[in-house]
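Step one of this worksheet: look at the structure below.
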2 protein chains.
Amino acid sequence: MFNFSFHNPTRIIFGREQMTQLSNLVKPFQKVLLIYGGGSIKNNGVYQQVTAALTESSFIEFSGVEPNPSFETLMRAADIVRREKIDFILAVGGGSVIDGAKFVAAAALFNGDAWDILAKGAKITEAVPLGCVLTLPATGTESNGNSVVTRYETQEKLAFSSPLVYPQFAILDPTVTYSLPPKQAANGVVDAFVHVMEQYLTYPVNAPVQDRFAEGLLLTLIEEGPKVIADPENYEVRANVMWAATMALNGLIGQGVPQDWATHMIGHEITALYGLDHAQTLAIVLPALMQQQRQQKRAKLLQYGQRVWQLQHQDEERLIDEAISHTRHFFERMGVPTRLTDYGLNAEVVDKLVEKLVQHKMVKLGEHGDITPEVSRSILQQAL
Amino acid sequence: MFNFSFHNPTRIIFGREQMTQLSNLVKPFQKVLLIYGGGSIKNNGVYQQVTAALTESSFIEFSGVEPNPSFETLMRAADIVRREKIDFILAVGGGSVIDGAKFVAAAALFNGDAWDILAKGAKITEAVPLGCVLTLPATGTESNGNSVVTRYETQEKLAFSSPLVYPQFAILDPTVTYSLPPKQAANGVVDAFVHVMEQYLTYPVNAPVQDRFAEGLLLTLIEEGPKVIADPENYEVRANVMWAATMALNGLIGQGVPQDWATHMIGHEITALYGLDHAQTLAIVLPALMQQQRQQKRAKLLQYGQRVWQLQHQDEERLIDEAISHTRHFFERMGVPTRLTDYGLNAEVVDKLVEKLVQHKMVKLGEHGDITPEVSRSILQQAL
């Protein structure tokens, strides 16, 4: 196990009717920016619950944060934060809204061009405190310091991280996810699954707690994920998926172990250039990457096949083949196709995507730093 | 899954040579109370490392916190905190020292008789901030708000909990555990194992993440525990046990699920009256309690036998019998006997222990509140 330092200050408030706690949580603040996306929270009752809980607070609304939140939109929100002397940001929505709120929290107090936070890794020294009400279990952003933002102008999708943008609290009420469109719910399951894999499917460092926690999350998502589609108002299923998705990327399972994240980095380029959903890109890249990196990830692929898919073949190559194909079939069972061509993208996209990776200095990806642009090209070709 | 609210603010700093971070961690404070137990930290080099890191801080030492820390000793420390205007407490040691430091942190600022915090559950509204350097993985106290204190005068061992006494940080360097006496190391493994069981072996509430995390910790302790004795300077083994013990009682695996804690409550009385080590009492009570509560815990006992001990019998009674006997043998393999008579205690202690349980209002224990004094008596009789 590697050395690590772990601190996750987010308070998780989980369960039915937990929105009622919002009033007390925001009470210490003078002026709240309520930030959300499109109208879905108005249709599913969440907007009404949130605003009812805020009646004793002074708040301003900012709506219109896009899926893959845009730098341009978020900078408008940051201006409002400054102008209106906002001292707390409440994000209500899925990963895009919460990621967006984190960037707003940092950009509003940043001295200089806020684009540098994303493009140059400029360090932030302060941020407006924020909290969130999660409506779509997927990214884990409700309980971590990560944010991904897209600049539409230049089609760039970039990330930043800071301990200053952990939400102070995250309200997770599984019932608010009942009305999610099946495609979004399925994408969330795939996203959470791949988050676990990026922290698990590397090489062994004798970290059995982390491995078993990761395997426990993968098994939970495999068992519960398809039920989300089949039985959307099953509270227990929604609760288990929601908790698994938070635990998948709140930092815990990644402590003291190598991490990969190449699937995400390659996937971000697909979203930026061709607009595919984040989870779709992960479902495309991961199986191809597992195949391409099967030697480097050999020991963990065998462990994954045995413990997660209960495969028992003597023939190790066959076991790895089946572990990969089970993964692919799981994504497809969730309704998320796993080939570039399934989305109308063909061989000519490969060069363009590799070019973008080079442009963003994504030239030594993976837990060994050995996923060079040539290896990424090969992964993308296998993903056709 | 039940509703829950989870917040664990402790920063975990884990690994080799992490003591060097101590200097920065205590820098914000004016005057530190360094609190520890006997001389072991002077023999294993930890005292030297800690005081070397504190050279730029003003600190006072308080030593002599007992195993099963005494109210009497801790009140002397609380007096020093008040008198010397201590603004940070640094606990260096195992569970007893850290539990003791938490009580000192609360008692020093308590208005009234501090014994009420333990005896009457008097609520504390403030506490001196504290941090810790853990030398014995066992209780999980390095990252939770719990504390157990004994009043020697009356032989009472009582607990309190408060979010105000979570350590701000916990330094976990597995190398400092190399020199632990084998008995203490073994006790720590048993203690951590039973912490997991108290949060796991109840009844199913469809919480697969929590179940699999618990099973992952149990499996890790079963695999790594005996190696601690056989190969005491194996870093990976010490690291895995240390991380498992912290995760066992930092609150995470118990969120949203029923909990038992009867084994602990009955065990505390054995320690208070007869001075047995905490872990010894757990090793005595748990197998007897599993036997006594086998109907109430049936579904979870089967799951435990299958997933943790890989038992596959068709005959469910036999499977449960073997799950219990594997548990007992695991404790014995760790060198911790599992019968009262192994410690020279015979049938006449049973009445005295039950009387103490009644006196402390421990009359509806267990996840169903159905472990009455009569059931506790039966458990103790089976533990002879």
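Below, all heavy atoms of this structure are taken into account, side chains as well, without hydrogens, waters or symmetry copies. Residue numbers begin at 1 in each chain, while the letters A, B, ... track the order of the sequences.
Interface residue A:Met247: only side-chain heavy atoms are found under 4.5 Å from chain B. In this structure, chain B has no heavy atom under 4.5 Å from any part of A:Ile171. Only the side chain of A:Tyr235 comes within less than 4.5 Å of a heavy atom of chain B; its backbone N, CA, C and O stay farther away. Proximity to chain B (any heavy atom under 4.5 Å) is restricted, for A:Val205, to the backbone atoms N, CA, C and O. With a 4.5 angstrom heavy-atom cutoff, A:Glu17 does not touch chain B via any of its atoms. Both the backbone and the side chain of A:Thr220 have a heavy atom closer than 4.5 Å to some heavy atom of chain B. With a 4.5 angstrom heavy-atom cutoff, A:Asn240 touches chain B via backbone and side-chain atoms both.
Here A:Asn206 is the residue among A:Asp173, A:Asn206, A:Asn8, A:Leu217 with the most heavy-atom pairs under 4.5 Å with chain B. Your options are A:Gln255, A:Glu236, A:Gln210, A:Glu223, and the one with the most heavy-atom pairs under 4.5 Å with chain B is A:Glu236. Chain B forms the most heavy-atom pairs under 4.5 Å with one residue out of A:Pro174, A:Gly256, A:Gly15, and that residue is A:Gly15. Contact tally against chain A (heavy-atom pairs below 4.5 Å) for B:Gln18, B:Glu215, B:Gln21, B:Met1: the top residue is B:Met1. Highest contact tally toward chain A, considering only B:Phe4, B:Phe2, B:Phe6, is held by B:Phe4 [criterion: heavy-atom pairs under 4.5 Å].
Judged by distance alone, with hydrogens and angles left aside, the side-chain atoms of B:Asn250 form no donor-acceptor pair with the main-chain N or O of B:Ser143 at under 3.5 Å. Judged purely by atom type and a 3.5 angstrom limit, A:Asp191 has no side-chain atom pairing as donor or acceptor with the backbone of A:Ala279.
Residues A:Tyr166 and A:His7 keep their aromatic ring centres 6.0 Å or farther apart.
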One pair to check against side-chain contact (heavy atoms from CB on, under 4.5 Å): A:Val46 and A:Met19. What are the steps and the verdict?
CA-CA 9 Å; A:Val46 173; A:Met19 218 81 83; 4.1 Å; yes
Could you check A:Leu282 against A:Phe331 for side-chain contact (heavy atoms from CB on, under 4.5 Å), going step by step and ending with a plain yes or no?
CA-CA 10 Å; A:Leu282 303 177; A:Phe331 295 155; over 6 Å; no
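Salt bridge present: A:Lys227 and A:Glu224 bring a charged side-chain N and a carboxylate O closer than 4.0 Å. A salt bridge links A:Lys297 with A:Glu367: the distance from a Lys NZ or Arg NE/NH1/NH2 to an Asp or Glu carboxylate oxygen falls below 4.0 Å.
Nearest approach of B:Val308 to B:Leu219, heavy atoms of both residues: O-CD2, 3.3 Å.
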